[in-house]
2 protein chains.
Amino acid sequence: MTEQPEPAARRRDAAATRLALLDAAEKLFAERGFDRTTVRDIAKLAGANQSLLFRYFGSKEALFEAVIARSGREQLAATPPERLFSTSLRSMLEPGRQNRALETYLRSSGSDGVAAAIRQEVGREYAEVLATLTDAPDAELRADLALAWLMGIALVREVTGKEPLAGADPEDICRLVLTGIKTLLERSE
Amino acid sequence: MTEQPEPAARRRDAAATRLALLDAAEKLFAERGFDRTTVRDIAKLAGANQSLLFRYFGSKEALFEAVIARSGREQLAATPPERLFSTSLRSMLEPGRQNRALETYLRSSGSDGVAAAIRQEVGREYAEVLATLTDAPDAELRADLALAWLMGIALVREVTGKEPLAGADPEDICRLVLTGIKTLLERSE
DNA sequence: CCAGTTTGTAAGCAGCTGCTTACAACGCTA
DNA sequence: TAGCGTTGTAAGCAGCTGCTTACAAACTGG
């Protein structure tokens, strides 16, 4: 545990370099989306040479895949189903949150290829869990609609920045949305 | 000598060329988003030289602005407030719809600059109308949340293509969403 | 201590990007 | 018909993109 702040802290450490690239990529993909993030920017932010990015990940798309795979499912695995929606909502609303998967997802909506498949995959896992919350025959559809609301709120807040939603108190948003979701999931008409 | 019936219908028609560029741009921006659409592709689809694009619109961003300005507000102006949500929802759900503003909006979420300002503007106008539907003190916030749901559904259907929502019957979706929206807008606790 | 592998660096490649310039073809009008 | 502004075309520019190559520096096992 000797972390000395040396001038060149790590000089030869493939694992640390790989991690630095992952962190930098996660940050930039979330902020700018896939298309507008360049491999040069990622490497620069990570303090690494850009050719290492290709050595460790193969391609920009593969790096994107690695980022999503790392960050997308932590919260999902750690949250009981009946609280997944409100937990995701709250964590999405908090200003200093660490889960950037949704933001990355949204800002990369225009991209195709591997990125699209991954986006579908993450969404599918969320919806599967949400679908267990209702016994309606169209549970999956209702779950998708709940997920869509989550993503729409994130889109308007984070990407569009529209007021008053963007600056609203998370608790107010939760209260309003959860009543609507309750109706959506409980009604079995 | 020069008695050939013109093979290309319009040989010199600035207005028609401008329109062709607008149509082509609208189609491609909706399908690929701002970043992944190139001026060369737009010009090619329009059957025009790409330098004309810059002569008539000045820049790629200005062309984007022109596309949004043309297509974004027709439905808004033609729909009474109390039906705006369901009308927008239905028109968004119909397979052969012509309003591509929302799709363009979503696929260009990553872009900054003028595009961002326009996206905010269109959203603001929708939300203003929706806000008249409830007399709750936080009417604007509730309207934003309704708008966010609309956009989230469009995102999941059009961009992500997630099942079962992407392939669901529009009437089923309307019924489910409208009950949730009703709760959202009517509750004054 | 030296061969061989791993890690890091610098340079460059081919292709694409938005945009500009120079110029030719057209058609109106005087 | 001559002049001139408008419309269309072809070529090219500078900069950026993802990715590759050639090579040097550091570490490791023998």
Side-chain angles (χ1 to χ4, degrees), chain A residues 6-25 28-29 31-67 107-108 110-115, chain B residues 1-25 28-29 31-67 107-108 110-116:
Chain A
E6 306 229 337
R10 62 182 151 82
R11 290 181 55 192
R12 278 175 66 86
D13 189 338
T17 301
R18 232 190 90 103
L19 200 65
L21 285 168
L22 265 177
D23 289 339
L28 293 180
F29 283 145
E31 286 175 2
R32 311 180 190 173
F34 182 81
D35 285 336
R36 299 176 79 90
T37 300
T38 72
V39 293
R40 281 173 176 80
D41 287 342
I42 295 172
K44 189 178 175 188
L45 181 60
N49 190 288
Q50 64 156 320
S51 74
L52 296 179
L53 186 155
F54 293 97
R55 181 177 293 164
Y56 294 143
F57 297 96
S59 71
K60 186 189 175 186
E61 274 216 338
L63 173 58
F64 185 81
E65 190 170 1
V67 167
R107 290 209 189 261
S108 304
S111 310
D112 300 328
V114 179
Chain B
M1 294 280 289
T2 58
E3 55 195 319
Q4 272 194 331
E6 52 256 81
R10 60 179 157 82
R11 289 180 57 192
R12 279 175 67 87
D13 188 338
T17 301
R18 231 190 92 103
L19 201 64
L21 285 168
L22 265 177
D23 289 339
L28 293 180
F29 282 146
E31 286 175 4
R32 312 179 191 173
F34 182 80
D35 286 336
R36 298 175 80 89
T37 301
T38 72
V39 292
R40 280 172 177 80
D41 287 342
I42 295 171
K44 188 178 176 186
L45 181 60
N49 191 287
Q50 63 155 324
S51 73
L52 297 179
L53 186 154
F54 293 97
R55 182 176 294 165
Y56 294 143
F57 297 96
S59 72
K60 185 189 177 188
E61 275 216 338
L63 172 59
F64 185 82
E65 190 171 2
V67 166
R107 291 209 189 262
S108 304
S111 310
D112 300 328
V114 179

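Here is how names work: the chains are called A, B, and so on, in the same order as the sequence lines, proteins then strands, and each is numbered from 1.
For the pair Arg55(A) and Ser59(A), nearest-nucleotide mapping onto DNA chain D gives the more 5' position to Ser59(A). Each of Ala15(A) and Thr37(B) was assigned the nucleotide of DNA chain C with the nearest heavy atom; the assignment lying further toward the 5' end belongs to Ala15(A). The nearest heavy atom of DNA chain D to Gly58(A) and to Ala14(B) marks one nucleotide each, and the one closer to the 5' end goes with Ala14(B).
Across every non-hydrogen atom of Ala62(A) and Phe57(A), the tightest pair is CB-O, 3.1 Å. Shortest non-hydrogen contact noted between Phe34(A) and Ser108(A) is N-OG, 2.9 Å. Contact between Ala24(A) and Ile42(A) at its shortest, heavy atoms only, is CB-O, 3.6 Å. Listed here is the closest heavy atom pair of Ala20(B) and Ala46(B): O-CB, 3.5 Å. The two residues Thr17(A) and Ala48(A) have their closest heavy-atom pair at CG2-CB, 3.9 Å. Of all non-hydrogen atoms in Ala25(B) and Val67(B), the two that sit nearest each other are CB-CG2, 3.8 Å.
If you take CZ of Phe54(B) and C1' of dC13(D), they are 13 Å apart, rounded to a whole angstrom. Rounding to whole angstrom units, CG of residue Leu63(A) and C1' of dT17(D) are separated by 15 Å. Atom P of nucleotide dT17(C) and atom CG of Asp41(B) are separated by 7 Å, given to the nearest angstrom. As a whole-Å value, the separation of Asn49(A) CG from dT7(C) P is 14 Å. Rounded to an integer number of Å, the gap from CG of Leu52(B) to C1' of dC26(C) is 14 Å. Atom-to-atom, CG of Leu53(B) to P of dT9(D) comes out at 14 Å; the value is rounded to the nearest Å. In this structure, CD of Gln50(B) is placed 12 Å from C1' of dT21(C), rounded to the nearest angstrom. For the pair Lys60(A) NZ and dG15(C) P, the computed distance is 19 Å after rounding to whole Å.
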Could you pull out the protein-nucleic contacts involving nucleotides 27-30 of chain D (nitrogen or oxygen on both sides, under 3.5 Å)?
none

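Summary of helix geometry: the two end axes of the helix from dC1(C)-dG30(D) to dA30(C)-dT1(D), each defined by five base pairs via their C1' atoms, are inclined to each other by 10° (rounded to 10°).
Considering Asp41(A), Thr38(A), Val39(A) in turn, Asp41(A) is the only one that fulfils the side chain to side chain contact (heavy atoms under 4.5 Å, CB included) rule with Leu28(A).
Proximity of Tyr56(A) to the phosphate of dG8(C): a side-chain N or O atom is located under 4.0 Å from OP1 or OP2. Considering only side-chain N and O atoms, Thr17(A) lies under 4.0 angstrom from the phosphate OP1 or OP2 of dG8(C).
Arg107(A) places no side-chain N or O within 3.5 Å of a backbone atom of Phe29(A) that could act as its donor or acceptor partner. Looking only at distances, no side-chain donor or acceptor of Thr37(B) sits under 3.5 Å from a matching main-chain atom of Arg32(B). At distances below 3.5 Å, not a single donor-acceptor pair connects side-chain atoms of Lys60(B) with backbone N or O atoms of Leu53(B).
You'll find a donor-acceptor pair under 3.5 Å spanning the side chain of Ser51(B) and the base of dT9(D), going by distance alone.
Nearest to the side chain of Arg40(B), among dT7(D), dG12(D), dT9(C), sits dG12(D).
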